Amino acid sequence: MTRTALVLLVLALPVMALANGGGTGMREPQPPIDGPDTCGAAAFVELVGQPAAALEGLSFDGPVRVIGPRQAVTMDFLPQRINFLVDDAGVITRIRCG
């Protein structure tokens, strides 16, 4: 390999890493449902991005919990319980079972 080719390769490596998302600090988007779907959360995935008020009037087969930011919750794990996580604006951001 010539010296010029080696220099070009060394200069190109950081550019190639950035093109592949490396070193940018960006993370892959997270799925709206955390963990295994033992509670039927997939049926409600369209509620992610909606206000928590969208839950009113819906019926669920098991227990439901709406968890606000910085809200204290019990540590008991109920696989059939749906947890809707809500941000400061009252918007559903994630769903998880437990």
Side-chain angles (χ1 to χ4, degrees):
M1 179 178 289
T2 68
R3 184 176 189 157
T4 305
L6 183 59
V7 169
L8 289 174
L9 178 62
V10 170
L11 293 174
L13 286 176
V15 173
M16 292 178 352
L18 288 173
N20 289 327
T24 62
M26 297 178 67
R27 296 175 24 190
E28 290 290 319
Q30 297 295 312
I33 300 175
D34 288 337
D37 188 8
T38 57
C39 61
F44 301 99
V45 73
E46 73 277 355
L47 293 174
V48 173
Q50 301 295 315
L55 298 170
E56 295 174 17
L58 296 179
S59 61
F60 300 92
D61 292 335
V64 176
R65 182 164 62 175
V66 179
I67 304 171
R70 298 169 302 283
Q71 179 180 342
V73 294
T74 60
M75 295 298 293
D76 58 327
F77 183 80
L78 303 174
Q80 71 279 10
R81 178 173 54 205
I82 301 176
N83 294 296
F84 292 95
L85 285 73
V86 178
D87 66 10
D88 286 323
V91 174
I92 299 167
T93 58
R94 317 257 321 146
I95 304 172
R96 70 175 179 227
C97 298

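Quick note: residue numbers are just sequence positions, from 1. Remember, predicted model here, so these are calculated numbers, not experimental data.
F44 and F60 have tilted rings, their planes meeting at an angle from 30° to 60° on a 0 to 90° scale.
For D61, the CG atom counts as loosely surrounded, since its 6.0 Å shell holds 12 or fewer non-hydrogen atoms of other residues, nucleotides or ligands.
Between L85 and R96, the closest heavy-atom pair is CD2-NH1, 3.6 Å. Closest non-hydrogen pair, N83 versus C97, comes out as ND2-C, 3.8 Å. Counting all heavy atoms, side chain and backbone alike, A54 lies closest to L47 at CB-CD2, 3.9 Å.
At a threshold of 4.5 Å between side-chain heavy atoms, the hydrophobic network of Ile, Leu, Val, Met, Phe, Trp and Tyr places L55 and V86 in one connected group. Residue V48 is grouped with residue L58 when hydrophobic side chains (ILVMFWY) are merged at heavy-atom distances under 4.5 angstrom, including chains of intermediate members. V66 and V73 are assigned to two separate hydrophobic clusters, defined by single-linkage of ILVMFWY side chains at heavy-atom distances under 4.5 Å.
Not one N or O on the side chain of R81 forms a donor-acceptor pair closer than 3.5 Å with the backbone of V64.
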Assess the residue pair D88 and R70 against the criterion (side chain to side chain contact (heavy atoms under 4.5 Å, CB included)); give the C-alpha distance rounded to whole Å, side-chain angles, the decisive distance to 0.1 Å, and a yes or no.
CA-CA 9 Å; D88 286 323; R70 298 169 302 283; 2.7 Å; yes
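Atom CG in D76 sits 6.0 Å away from atom CZ in R65 (nearest 0.5 Å).
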